[in-house]
Amino acid sequence: MNTILSTETVIEVAYLVATALFILSLKWLSSPTTARRGVFAGEAGMVLAIAGTLLHHGIVDYKWIAIALVLGTVIGIPLGNVQMTAVPQRTALSHAFGALCVTLVGTAEFYLRSPNIAPFMMAVLSMEVILGSLTFTGSLMAAGKLQEILPQRPITYKGQNFVNLALLACAIGIAVILVIHPEQMKLFPAMILIPLVFGVMLVIPIGGADMPTVISLLNSYAGLSAAAMGFVLNSKLLIIAGALDGSSGFILSVIMSKAMNRSFTNVLFGGFGQIQTSSGATTEAPPVRSATPEEAAAILAAASKVVIVPGYGMAVAQAQHKVREMYDALTKRGVDVTFGIHPVAGRMPGHMNVLLAEADIPYDKLLEMDQVNGDIPQTDVALVIGANDVTNPAARTDTSSPIYGMPILDVDKARTVMVIKRSMAAGFAGIDNPLYYLDKTLMLFGDAKNFVSSIVKDLSGSGG
Ligand code: NAP
């Protein structure tokens, strides 16, 4: 009895510390200076939560748990080593696994307890399996779209919203029946199957560009279903961790939607991200002016104020370390260099901050969109590195543009604009960028890493 009591106390303490670590982790993750600590706190919290659970006296056999731990490790290690640009789809896969786990636990609990399930318990169990199963297939779809295994373009058809809402209503209807009549066990599989279909239907009309927002929303659903599982399993830790996950996922989706000036309904029911087929085939594209690395280096060296705007292309090219060298070379010459960071530049929130921090660019040089936009008219050169949509002035002026209303970095207001990219290809939203045709714009065609390297060579060669 005594040992059980003391084990219980150890478990409670482990859970309490884990909870505190999860909360601190989220707090620390919100700033680049403390983010690393945040990651360690989250990891330590998770280790404590798992250790506490393994001590549970209800466990009669560790064999299956050991097999599951090995399996999880085998899947988890390669997932942890993906390229930074693949993190959104990797995150979607983790949500899918989490949601599958929640659904399986809910199913096991239902069959263990039925037919005597109290209405409150049946209600949370239903919420757990409905959210869990729709998040499972929804996350798999999102990962497939981002990985380009599935078509990125939105797939829409007439009456789509009606079909989706009808599916959801059916699942909720079955849940209500089961709450009142938990002995109707044969209905339970339908309460899983329908949301599984709903998860697929929910994501197919959403375009690739909105996928990270959807993933963050699915993250929130996964958190809520885990919190519901906490009620079913009577685990305070799960309730708290699920609630933290649910609310932080929701807040992140709101932040991302705001940064793209899009409402949730717009994300869920709009057709953003549709690659526009060349409607301009009849009209010839206007000419652009291009420049060599030597010319670009000379213009940069002559400037007194430069704003660098990084985007997805810098991430793909892994050019951040070369960008750091260019930053050093220019600051050595007395040029004032700052970085304009758009909240949705790249493919995940904070993408640019992470890359530039990895290259040891001082945090105080990374300016947020509002801060930098005020300075751009007094800027000699805006150097865009692999960014496209986040600099597209059509977002301000062209009401027919799919990104109309999205706040952008006003690089077109700088005295000179230089854009490093490989071609005239569109960015993620699949649309042309009028910035490239301005008289003040110079296109620097090439891979971001190679081009910046050549600029650095020229800057160093010409003395500083
Ligand atoms: P973007 O609009 O996708 O444009 C990236 C550009 O980089 C492309 O036009 C491409 O042109 C160029 N590029 C690719 N590889 C390159 C390389 N190796 N070297 C040089 N250039 C290269 O990127 P963005 O301006 O960062 O905008 C992000 C987009 O993602 C927005 O539409 C945003 O709404 C969306 N999004 C982001 C998030 C997020 O959380 N960050 C979430 C949801 C959606 P070339 O092919 O010609 O080189």
Side-chain angles (χ1 to χ4, degrees), residues 83-89 91-92 142 145-146 148 152 206-217 219 249 252-262 266-267 270 272-276 285 288 290 293 308-320 322-323 339-356 369 382-395 401-409 411 418-433 435-436 443-455:
Q83 286 276 324
M84 182 82 80
T85 43
V87 166
Q89 48 268 50
T91 310
K145 280 200 172 204
L146 281 172
E148 296 181 27
Q152 296 230 341
I206 303 171
D210 272 338
M211 230 18 85
T213 318
V214 172
I215 288 171
S216 156
L217 201 60
N219 174 25
L252 184 58
S253 318
V254 172
I255 293 174
M256 288 166 77
S257 296
K258 268 201 187 144
M260 293 190 253
N261 195 32
R262 299 168 60 65
N266 205 257
V267 169
F272 187 74
Q274 197 150 18
I275 304 295
Q276 293 193 339
V288 294
S290 63
I308 298 177
V309 174
Y312 178 65
M314 184 190 81
V316 176
Q318 286 292 298
Q320 63 274 21
K322 287 289 160 199
V323 171
F339 291 79
I341 309 295
H342 192 283
V344 294
R347 288 295 179 268
M348 59 183 175
H351 201 166
M352 296 302 122
N353 301 64
V354 173
L355 292 174
L356 296 174
M369 182 166 55
L383 175 63
V384 179
I385 307 181
N388 189 342
D389 296 344
V390 299
T391 63
N392 191 334
S401 169
I403 60 165
Y404 179 68
M406 167 171 148
I408 57 152
L409 282 159
V411 289
M418 296 201 286
V419 183
I420 303 181
K421 70 200 292 292
R422 295 162 308 175
S423 64
M424 291 300 287
F428 209 62
I431 49 171
D432 199 13
N433 190 343
L435 174 73
Y436 306 152
M443 298 302 292
L444 311 178
F445 289 117
D447 171 77
K449 191 173 174 179
N450 296 341
F451 209 105
V452 176
S453 267
S454 309
I455 293 181

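If you're wondering where the values come from, they're calculated on a predicted model, not measured in any experiment. Whatever order the structure lists them in is the order used to number ligands and atoms, beginning at 1.
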*Asks:* Would one find an N or O of Phe428, backbone or side chain, under 3.5 Å from an N or O of ligand 1?
*Replies:*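 Yes; the residue has a nitrogen or oxygen that sits under 3.5 Å from a nitrogen or oxygen of the ligand.
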*Asks:* At a 4.0 Å threshold, what atoms of ligand 1 neighbour a non-hydrogen atom of Ala425?
*Replies:* 9 (O), 46 (O), 47 (O)
*Asks:* In the structure I gave you, are the side-chain heavy atoms of Met348 and Thr91 within less than 4.5 Å of one another anywhere?
*Replies:*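 No. Closest side-chain heavy atoms not under 4.5 Å.
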*Asks:* Are Leu146 and Ile215 side-chain neighbours, meaning at least one heavy-atom pair lies under 4.5 Å?
*Replies:* yes
*Asks:* What about Thr213: any of its N or O atoms under 3.5 Å from an N or O on ligand 1?
*Replies:* no
*Asks:* Just jot down the side-chain hydrogen bond (donor to acceptor under 3.5 Å, both in side chains) partners of Lys322, sequence neighbours excluded, or say none.
*Replies:* Glu325
*Asks:* Check contact between Gly446 and ligand 1, using heavy atoms of the residue and a distance below 4.0 angstrom.
*Replies:*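 Heavy atoms of Gly446 do come under 4.0 Å of ligand 1.
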*Asks:* Would you call Val384 and Leu409 a side-chain contact if the rule is heavy atoms closer than 4.5 Å?
*Replies:* no
*Asks:* Need the ligand 1 atom indices (1-based, order shown) with element for anything under 4.0 Å from a heavy-atom of Gly311.
*Replies:*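 With Gly311 as reference, the close atoms of ligand 1 come out as 26 (O).
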*Asks:* Might you work through the side-chain contact (heavy atoms from CB on, under 4.5 Å) test for Leu356 and Met314, ending with a clear yes or no?
*Replies:* CA-CA 10 Å; Leu356 296 174; Met314 184 190 81; 3.8 Å; yes
*Asks:* Which atoms of ligand 1 have any heavy atom of Val390 under 4.0 Å away?
*Replies:* 25 (O), 27 (O)
*Asks:* Nearest 0.5 angstrom please: Leu435 CG to Ile408 CD1, how far?
*Replies:* 8.0 Å
*Asks:* Hey, looking at atom 9 (O) of ligand 1, which of Asn392, Leu146, Asn388 has the closest heavy atom?
*Replies:*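 It is Asn388 whose heavy atom sits nearest to atom 9 (O) of ligand 1.
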*Asks:* Evaluate Met256 for polar contact with ligand 1, using N/O atom pairs at a separation under 3.5 Å.
*Replies:* no
*Asks:* Can you confirm, on distance only, whether ligand 1 has an N/O atom lying under 3.5 Å from any N/O atom belonging to Met348?
*Replies:* yes
*Asks:* What residues, two or more places apart in sequence or in another chain, satisfy side-chain hydrogen bond (donor to acceptor under 3.5 Å, both in side chains) together with Asn388?
*Replies:* Asn433, Tyr436
*Asks:* Polar-atom distance check: Ala448 versus ligand 1, any N or O pair below 3.5 Å?
*Replies:*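 Min N/O separation from ligand 1 is below 3.5 Å for Ala448.
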*Asks:* Hey, looking at atom 37 (C) of ligand 1, which of Asp447, Val316, Val344 has the closest heavy atom?
*Replies:*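 Considering heavy atoms of Asp447, Val316, Val344, the nearest to atom 37 (C) of ligand 1 sits in Val344.
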*Asks:* Look up atom CG in Asn219 and atom CG in Leu252, then write down how far apart they are to the nearest 0.5 Å.
*Replies:*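 Output value for this atom pair is 7.5 Å.
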*Asks:* Which heavy atom in Leu355 sits nearest to a heavy atom in Gln318, and how many Å separate them?
*Replies:*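 Looks like CD2-NE2, 4.3 Å.
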*Asks:* Is there a nitrogen or oxygen of Ala387 sitting under 3.5 Å from a nitrogen or oxygen of ligand 1?
*Replies:* no
*Asks:* For Gly427, counting its heavy atoms only, list the atoms of ligand 1 lying under 4.0 Å from any of them.
*Replies:*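 Those of ligand 1 that fall under 4.0 Å from Gly427 are 1 (P), 2 (O), 3 (O), 4 (O), 9 (O).
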*Asks:* With a 4.0 Å cut-off on heavy atoms, is His351 touching ligand 1?
*Replies:* no
*Asks:* What part of Ala319, side chain, backbone, both or neither, has a heavy atom within less than 4.0 angstrom of ligand 1?
*Replies:*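 Near ligand 1, Ala319 shows nothing, with every heavy atom at 4.0 Å or more.
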*Asks:* For the residue pair Tyr404 and Ala394, what are the closest heavy atoms and their distance?
*Replies:* CD1-O, 4.0 Å
*Asks:* Ignoring hydrogens, just give me the one of Ile385, Asp389, Leu409 whose non-hydrogen atom is nearest atom 32 (O) of ligand 1.
*Replies:* Asp389
*Asks:* Within less than 4.0 angstrom of ligand 1, does Pro88 place any heavy atom?
*Replies:*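 Pro88: no contact with ligand 1 (<4.0 Å).
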*Asks:* Between ligand 1 and Gly386, is the shortest N or O to N or O distance under 3.5 Å?
*Replies:* yes
*Asks:* Have a look at Ala315, Gly313, Gly346 and point out the one with the heavy atom closest to atom 13 (N) of ligand 1.
*Replies:*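 Considering heavy atoms of Ala315, Gly313, Gly346, the nearest to atom 13 (N) of ligand 1 sits in Gly313.
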*Asks:* Please give me the minimum heavy-atom distance between Pro310 and Gly340, naming the atom from each residue.
*Replies:* CD-O, 3.4 Å
